[in-house]
Number of protein chains: 2
Amino acid sequence: MTGHGGPTGAHAESEPLRRATAILGKKWHPVLLYTLLTDGPLGFNDMKGRIDGISDKVLSEALDDLQEAGLVVRDVVEDKPVRVNYSLTPAGRDLEPIIEELLEWSHEHLTESR
Amino acid sequence: MTGHGGPTGAHAESEPLRRATAILGKKWHPVLLYTLLTDGPLGFNDMKGRIDGISDKVLSEALDDLQEAGLVVRDVVEDKPVRVNYSLTPAGRDLEPIIEELLEWSHEHLTESR
DNA sequence: CAGTATCCAAATAGATACTG
DNA sequence: CAGTATCTATTTGGATACTG
């Protein structure tokens, strides 16, 4: 990477970093991940009840997105009525320490006066 | 947090978490922070050259935003022509380990096949 | 219970041109 | 060198109503 004279000015790490922050930066994603992290597998309405302020549509889309990103799994229990459990994949669980640090950082630097 | 019977269903940590991820989730912010972290203080055009694909306007707005969030400082050197150096505040520098972990996590779980 | 379907508003990002 | 001004496009988020 050093001194090959290429004309791009961008860091090679920019894209992986953006892929990660693009997920965490969606309005509800970090909250959903944190909720699943702390409150275990949850059904659709249980999540909704814990999130407060989220609409069906937005929750549904966010869960879809997290599923596609490979952070969440949707487990359909064929029952009557149907039950669906959402939980974290290993990739999702590996986010835990990062989320904790983000929280700590937020409390240290973002909490008051701004 | 345990058993106070409040009717809100939301986690108390949701807001601080969102404040943090709202910053990191802006398209260019993490890249700008990483660039300042690795390539020290930089002038406007030096940043632009390293970012590749960013327009003047977007860079300018992003730097403003990071400055308001208290992560970046703008240091004007009265010269002719004027020089402006952008660098990280302590709050910005404290983000380094988190960014590194995010990068690691991205390489482990997001890099291929998706 | 677990969602979809519509329609709409707001926030973000980008292209291009111009300025002190 | 270091930006601002416009104007436009795209992406998100939200309200509301309906369905298997």
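A sub-4.0 Å separation between OP1 or OP2 of C/dT4 and a side-chain N or O of A/Ser60 is present. Contact between the side-chain N/O atoms of B/Lys26 and the OP1/OP2 oxygens of C/dA11 is not found at any separation under 4.0 Å. Within the 4.0 Å cut-off from OP1 or OP2 of C/dT16, not a single side-chain nitrogen or oxygen of B/Ser55 is found. The side chain of A/Arg74 places an N or O atom within less than 4.0 Å of a non-bridging phosphate oxygen (OP1 or OP2) of C/dG3. Using a 4.0 Å cut-off, no side-chain N or O of A/Tyr86 falls inside it from OP1 or OP2 of C/dC1.
In this structure, the side chain of A/His109 does not engage the main chain of A/Trp105 through any donor-acceptor pair within 3.5 Å. When atom types are taken as modelled, the side chain of A/Arg74 and the backbone of A/Gln67 share no donor-acceptor pair closer than 3.5 angstrom. The backbone N or O of B/Pro16 lies less than 3.5 Å from a partner atom in the side chain of A/Ser106, making a donor-acceptor pair. At distances below 3.5 Å, at least one donor-acceptor pair connects side-chain atoms of B/Thr89 with backbone N or O atoms of B/Gly70.
To the nearest angstrom, P of C/dA2 lies 10 Å from CG of A/Leu42. Residue A/Asn85 contributes atom CG, which lies 10 Å from atom P of C/dG3 at whole-angstrom precision. When the P atom of D/dA15 is taken as reference, atom NZ of A/Lys48 falls 12 Å away, rounded to whole Å. Going from atom CD of B/Gln67 over to atom P of D/dA2 covers 14 Å, rounded to whole Å. Between the CG atom of A/Leu59 and the C1' atom of C/dA5 there is a distance of 17 Å, rounded to whole Å. Following rounding to the nearest Å, A/Asp79 (CG) and C/dG3 (C1') show an atom-to-atom distance of 17 Å. Here D/dT12 presents its P atom at 13 Å from CZ of B/Arg18, a figure rounded to the nearest Å. Taking atom CG of A/Asp64 as the reference point, atom P of D/dG13 lies 13 Å away to the nearest angstrom.
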Original post:
In dot-bracket, 5' to 3', how would DNA chain C read with Watson-Crick or G-U wobble pairs under 3.5 Å, [ ] for crossing ones and | for pairs to another strand?
Top reply: ||||||||||||||||||||
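Nearest heavy-atom pair across A/Glu101 and B/Glu101 is OE2-OE2, 2.7 Å. Nearest approach of B/Ala69 to B/Ile23, heavy atoms of both residues: CB-CD1, 3.9 Å.
Between the base of C/dG14 and the side chain of B/Lys57 there is a donor-acceptor pair shorter than 3.5 Å.
The aromatic rings of A/Phe44 and A/Tyr86 sit tilted, their planes meeting at an angle between 30° and 60°.
Cluster annotation: A/Leu33 and A/Val84 are assigned to the same hydrophobic cluster (Ile/Leu/Val/Met/Phe/Trp/Tyr, side-chain heavy-atom contacts under 4.5 Å, transitive).
Nucleic acid contact class of B/Val58 (heavy atoms, under 4.0 Å, all strands): base.
Along DNA chain C, the nucleotide nearest A/Val82 and the nucleotide nearest B/Ile54 are compared for position; the residue whose nucleotide lies closer to the 5' end is A/Val82. When each of A/Asp56 and A/Trp28 is assigned the nucleotide of DNA chain D with its nearest heavy atom, A/Trp28 is the one assigned upstream, toward the 5' end.
Listed nucleotides: C/dA2, C/dA13, D/dA2. Nearest to the side chain of B/Lys27: C/dA13.
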